[in-house]
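Read the structure below first, then the notes.
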There are 2 protein chains.
Amino acid sequence: MNARSGTGWRAVRDEVRRRIASGKWGPGQLIPGESALAREFGCARATVNRALRELAADGLLCRKRRVGTRVAASPERRAILRIPLIREEIAALGLGYSYRLITRERRVPPEAIRAGLELPAGVAALSVQALHLGDGTPCVLEDRWVDLRTVPAIAEADLAQVSANEWLVRNVPLAEGRIAILALAADAGVAARLGCAPGSALIAIERQTQIEAGPVTVARLTYRPGHRIESTI
Amino acid sequence: MNARSGTGWRAVRDEVRRRIASGKWGPGQLIPGESALAREFGCARATVNRALRELAADGLLCRKRRVGTRVAASPERRAILRIPLIREEIAALGLGYSYRLITRERRVPPEAIRAGLELPAGVAALSVQALHLGDGTPCVLEDRWVDLRTVPAIAEADLAQVSANEWLVRNVPLAEGRIAILALAADAGVAARLGCAPGSALIAIERQTQIEAGPVTVARLTYRPGHRIESTI
DNA sequence: AAGTGGTCTAGACCACAGA
DNA sequence: CTGTGGTCTAGACCACTTC
C-alpha cells in the first residue's frame, strides 16, 4: 500500500496544502480530525499526524487538543536564515577567503557591551576586531567581545590564525542567542576598514550568544556595501 | 513507562544534545545507530528516530542512509525569521496602526521589475505605493508591483482601505518566494515619505513571490531609521 | 549483499481543554 | 466526562548507499 505513489505523509501534506490553497478550507476554518482524514486517505492516523504537524510547524495550521485543527487565520510567513561561518559564507560566493586580525586585547568593555554580557562593572573581557576578506578585498568587519568567565580557553587561542568566529563555533557548540539585523552609516573607522566611503549605508548583524554556564559573546558583523542577506520563504 | 520523566522523544533529544555539547560526541563523529540508542534508552526505535530527526532539522546532526548519523562538522546556525503582516508588526510594537495609500496605477514597469515578474516587454502591471504608520509616524514604505495576469482580482480591490500586503496574504495564500534584506541610503523621495534625513541608512526587505499559476508580486519594504529585524538562534 | 535511516501500521494510552 | 491532538510501541518493509 505504501508503495502507491498517492500515499505517504508527504502526499497527505500536499493534499491538505492544496485544499487550503484552493480555498476549499478557508482561513480559520476547522478541518476534519486526524481519524477522519486517516480514513479518507486510507492510511494510519500517525501518518496524518506527521503531515499536519509539519504544516503546523510551517505556520499554516493551528492545532489545539480537544478543539481540533484550524487553518491559520493569517498565515505568518517564515524564512529560515542560514548563519554559516563567515569563511564559508565568503567561499560560497566563489571568493578566496582570507582573514586579518586587527586588535585583540583584554580590557573593560563600554557600558552597552557590559550589559549584554551581564558583566559586573570593572571586569575585563576579551575584545577582538578582525577583517574577513574575499579575494583580498574586505567583506566583513567583525567586532566582538568574549566573556572570559565563560570561555577562559579563548585566552590561549591564536586568533591571528583562526578567527574568533570560527574558534567559538568549534569550541562552544550549541550556543543559543539572539540576533538582530540593522542598517548603519559607515563612520570614518568602519569606512577605512571596509574600504568604502564614509556615510555608506551598510548592513550589520548583531549576535549575542550564551550557554548554560553563562554569556559567551557579543558581536557585530558589518558587511561591505551592497551585501544582501538572502533566503527563501 | 512513558509517564516517567526520563523518557519520551524530548528526553532522548536533550540527552543527545547534551552529549554533543559536552564533547562526548565530537564534531564529525559517528554516533550509535537508532537501534542501539533505542536499546540504551529503553524506548522504541521510532522514538529515537523522532529525536534525531529534530536535531538533524536543527542542523546539529547529519544523517545518511547506510552510513549512519554524524555530529555536524560545523554546526550551521539557523535563525527563523518571522514575517508577519506589517499591520501586526507595528501593533506588536504597541503602536496604533494606520495606513495611507500613496499611488495605485496600472503601468508598464521598469526593466528590473519586469524581469522579476517575468513579464513580457510592454505589458502593464499594478504599481502600488503605500505608507504604514505607527501612532501616526511613518514606519514602513511599501513599494510594490503586482502581476495582473496572475492576480487579476486585485484590480477591483479597494487598496485605500486594505493594504496590498494584507490583501495578498488573504487572497493569495501559500505564495512561495525569495526574500532579501539590504541596507540603502534614503534618497530624497524616500526621506520625504519616511520623514528622515536624506542619506540616512535604512534597512529594506525585498520580496518576490509566486504561486503555481505564475509570479504574484515584487515588493520592497523600506523601514524607518533605527529599525532592527530581530530573531533568536 | 548488507546495513543504515525513512516510513508506515494498528493499537494503545495520555494530556489537555471544553461542555 | 468527552473528544481532540500528542506520543509511544513493536514490528514490518522500503530506499538508499556503500561494499
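Below, chain A is the first sequence line, B the second, and so on; all start at residue 1.
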Return one dot-bracket line describing DNA chain D 5' to 3' (Watson-Crick or G-U wobble pairs, both distances under 3.5 Å; ( ) same strand, [ ] crossing, | another strand, . none). ||||||||||||||||||.
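Regarding Leu55(B), its CG atom lies at a distance of 12 Å from the P atom of dG6(C), rounded to whole Å. Computed from coordinates, the Leu30(A) CG to dG18(C) P distance equals 13 Å when rounded to whole Å. Look at CZ on Phe41(B): it is 17 Å from C1' on dT9(D), rounded to the nearest Å. Atom CG of Leu52(A) and atom P of dT7(D) are 13 Å apart (whole Å). Regarding Arg45(A), its CZ atom lies at a distance of 9 Å from the C1' atom of dT7(D), rounded to whole Å. Between Leu61(B) atom CG and dT4(C) atom C1' there is a gap of 15 Å when expressed in whole angstrom units.
Proximity note for Ala46(A) (side chain, C-beta onward) versus dC13(D), dA10(C), dC8(C): the nearest is dA10(C). Comparing dA15(C), dT9(D), dA17(C) against the side chain of Arg65(A) picks out dA15(C) as the nearest. If you check dT7(C), dG18(C), dT9(C) against the side chain of Val67(A), the one that comes closest is dG18(C). For Trp9(A), the side-chain atoms get nearest to dT7(C) when compared with the rest of dA10(C), dG5(D), dT7(C).
Atom CZ of Arg100(A) has 12 or fewer heavy atoms from other residues, nucleotides or ligands within 6.0 Å. More than 12 non-hydrogen atoms from other residues, nucleotides or ligands lie less than 6.0 angstrom from CG of Leu30(B).
Using a 4.0 Å cut-off between charged side-chain N and carboxylate O, Arg63(A) and Glu34(A) make a salt bridge.
In this model, the phosphate group of dG6(D) is approached by a side-chain N or O of Arg63(A) to a distance below 4.0 Å at OP1 or OP2. Proximity of Arg50(A) to the phosphate of dT7(C): a side-chain N or O atom is located under 4.0 Å from OP1 or OP2. Taking 4.0 angstrom as the limit, Asn49(B) places a side-chain polar atom (N or O) nearer than this to OP1 or OP2 of dG6(C). Between Thr69(A) and dT4(D) there is no side-chain polar atom (N or O) within less than 4.0 angstrom of OP1 or OP2.
Scanning atom types as modelled, no donor and acceptor separated by under 3.5 angstrom connect the side chain of Arg10(A) and the base of dT7(C). With hydrogens and angles ignored, no donor-acceptor pair under 3.5 angstrom links the side chain of Arg53(A) to the base of dT7(D). No hydrogens or angles were tested; on distance alone, a donor-acceptor pair under 3.5 Å links the side chain of Arg66(A) to the base of dT2(D).
When heavy atoms are screened at a 4.0 angstrom cut-off, Ser35(A) is found touching no nucleic acid atom at all.
Between the side chain of Tyr223(A) and the main chain of Ile205(A), no donor-acceptor pair closer than 3.5 Å is present.
How far CD of Glu166(B) is from OH of Tyr99(B): 9.5 Å, rounded to the nearest 0.5 Å.
Listed by first and then second residue, the ring pair (Phe, Tyr, Trp, His ring centres under 6.0 Å) pairs that reach into residues 133-165 of chain B come to none, sequence neighbours excluded.
Shown are Gln208(B), Gln210(B), Glu206(B); of these, the side-chain hydrogen bond (donor to acceptor under 3.5 Å, both in side chains) with Arg178(B) is made only by Gln208(B).
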